[in-house]
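To start, the structure itself, in structure tokens.
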Amino acid sequence: MEKLVFGVDESTPQFLIEQFEKLEFKVSSKSLPPDNATGNLAWGNGQLGWQDPEFKKPLVFDLSQLPLVPKGLKSEPFARAIGLNNKQCDIWDATCGTGKDSLLMMAYGHRVKSFERNPWVFLLLQDALYRAENPFELFFGSCLDYKDKFDAPDLIYYDPMFPDKKKKALPRKEMQIFKKLGLRDQDEEEFIMAAKKIIKNRLVIKRPVKADVFLNSCTASFPGKSARYDMYMV
Ligand SMILES: C[S@@+](CC[C@H](N)C(=O)[O-])C[C@H]1O[C@@H](n2cnc3c(N)ncnc32)[C@H](O)[C@@H]1O
């Protein structure tokens, strides 16, 4: 693993520099990229990116604007799983990743708190939110660690990394880089059992469309083309 570099210039926001120092110190071996991973965090053009030598451009998250909500929203599998009768709800996005799903749930009109446990991804998110018009609240670590700090959410949304596929088509750039960073989630069932004890209404889990249902106990499933949303009501 090359040394992680974070090139700083006079335009780098101070809070990012401080976060970087704090997180690098706190990173556990579990969240470190594997030894053969190469790449570094790089500051350039007023934004933070992850530069992977295999890609020409760094990976930069863009959360600058809320996405447009599609007209046929009620038939979208994701929106149907989130549901909740058009009421504004408190949602915890347990697996923030690129932040796109958090932003979409905000665009649906919900209040979103988002959680990310990988320090490099967390920093990229912090930077993107600094530039966002409608930032959501972001917290470092697992949402389970925050259960005594905040009121219980109506819904927890959980989108762990999909298992590796045998077929040739490559996942999109972010997910290829996430995999190289060693982001493979293997604690899903443990997480789901704990999350079910926190929620007021439902847990929604994103899975590959053909994958088995976790714990065999979901209330309803909403399949899309490549992903499926499994809903567990309490
Ligand atoms: C598949 S990605 C999520 C993609 C996301 N829904 C999006 O819109 O980009 C999974 C992310 O969740 C993070 N993650 C997985 N399990 C987590 C947990 N229990 N707590 C916090 N973050 C988690 C991983 O580090 C990774 O960044």
Side-chain angles (χ1 to χ4, degrees), residues 23 26-34 37 39 41 50 52 59-67 76-79 81-82 91-108 110 112-129 132 135-147 149-150 153 155-165 170-199 203-209 211 214 224 226-230:
L23 287 176
K26 276 207 288 189
V27 170
S28 72
S29 59
K30 202 177 151 206
S31 34
L32 273 175
L41 280 173
W50 177 266
D52 181 304
L59 172 67
V60 175
F61 293 166
D62 178 11
L63 301 171
S64 52
Q65 281 175 344
L66 287 182
E76 295 280 323
F78 184 48
I82 300 292
I91 295 184
W92 288 4
D93 182 350
T95 46
C96 188
T98 65
K100 285 183 189 156
D101 286 337
S102 288
L103 215 57
L104 191 57
M105 292 185 282
M106 270 182 82
Y108 290 171
H110 300 301
V112 177
K113 283 188 174 40
S114 211
F115 302 83
E116 174 54 57
R117 69 180 171 189
N118 180 277
W120 322 129
V121 177
F122 178 79
L123 283 172
L124 294 174
L125 282 165
Q126 289 261 64
D127 174 56
L129 289 170
F136 49 80
E137 291 181 273
L138 177 70
F139 301 90
F140 182 62
S142 165
C143 67
L144 301 175
D145 299 337
Y146 291 81
K147 68 178 183 348
K149 294 197 181 111
F150 303 128
L155 183 153
I156 290 183
Y157 171 59
Y158 184 53
D159 173 17
M161 294 295 290
F162 284 7
D164 288 329
K165 277 199 273 186
L170 284 172
R172 53 180 215 273
K173 176 176 163 183
E174 296 99 75
M175 291 306 146
Q176 287 182 52
I177 294 184
F178 278 16
K179 293 221 155 150
K180 288 173 77 180
L181 278 173
L183 271 68
R184 280 173 183 74
D185 299 319
Q186 281 162 353
D187 51 356
E188 293 102 334
E189 297 209 345
E190 200 185 307
F191 177 89
I192 294 165
M193 287 195 295
K196 280 168 87 179
K197 293 189 187 140
I198 300 179
I199 41 171
L203 170 71
V204 172
I205 305 180
K206 183 174 176 185
R207 300 279 290 139
V209 73
F214 281 127
S226 58
R228 192 186 72 223
Y229 298 91
D230 294 339

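Every number for a ligand or one of its atoms is a count from 1 in the order of the listing.
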Contacting atoms of ligand 1, where contact means under 4.0 angstrom from a heavy atom of [X]:
{"X": "A94", "result": "18 (C), 20 (N), 21 (C), 22 (N), 23 (C)"}
{"X": "T98", "result": "7 (C), 8 (O), 9 (O)"}
{"X": "N118", "result": "25 (O)"}

Give, for atom [atom1] of [X] and atom [atom2] of [Y], the distance between the pair rounded to the nearest 0.5 Å.
{"X": "F136", "Y": "L125", "atom1": "CZ", "atom2": "CG", "value": "6.0 Å"}
{"X": "T95", "Y": "I156", "atom1": "OG1", "atom2": "CD1", "value": "10.5 Å"}
{"X": "L124", "Y": "W50", "atom1": "CG", "atom2": "CH2", "value": "8.5 Å"}

Looking only at distances, please establish whether an N/O atom of ligand 1 is found under 3.5 Å from an N/O atom of [X].
{"X": "D101", "answer": "yes"}
{"X": "Y158", "answer": "no"}
{"X": "D159", "answer": "yes"}
{"X": "R117", "answer": "yes"}

Partner residues of K100 under the side-chain contact (heavy atoms from CB on, under 4.5 Å) criterion, sequence neighbours left out:
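So K100 forms a side-chain contact (heavy atoms from CB on, under 4.5 Å) with T98, R172, E174.
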Does G141 reach ligand 1, in the sense of a heavy atom lying below 4.0 Å from it?
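So G141 counts as touching ligand 1.
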Report yes or no: does a heavy atom of C143 sit under 4.0 Å from some atom of ligand 1?
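Outside the 4.0 Å threshold, so no.
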Measure the acute angle between the ring planes of Y146 and F150, then classify it against the limits of 30° and 60° as parallel, tilted or perpendicular.
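Taking F150 first and then Y146, their aromatic rings lie parallel (interplane angle under 30°).
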State which residues pass side chain to side chain donor-acceptor pair (under 3.5 Å) with S226; sequence neighbours excluded, sorted by chain then number.
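For S226, no residue satisfies side chain to side chain donor-acceptor pair (under 3.5 Å) once neighbours in sequence are set aside.
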Hey, is F162 touching ligand 1 through its side chain, its backbone, both or neither, going by heavy atoms under 4.0 Å?
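F162 to ligand 1: no contact under 4.0 Å from either part.
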Residue from Y158, F191, F115 passing ring pair (Phe, Tyr, Trp, His ring centres under 6.0 Å) with W92:
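Filter result, single survivor: F115.
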Per atom 24 (C) of ligand 1, closest listed option by heavy atom (K100, E116, M105)
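Looking at heavy atoms only, E116 sits closest to atom 24 (C) of ligand 1.
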Determine whether a donor-acceptor pair (N or O, by modelled atom type, separation under 3.5 Å) exists between the side chain of D187 and the backbone of E190.
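It does not hold such a pair.
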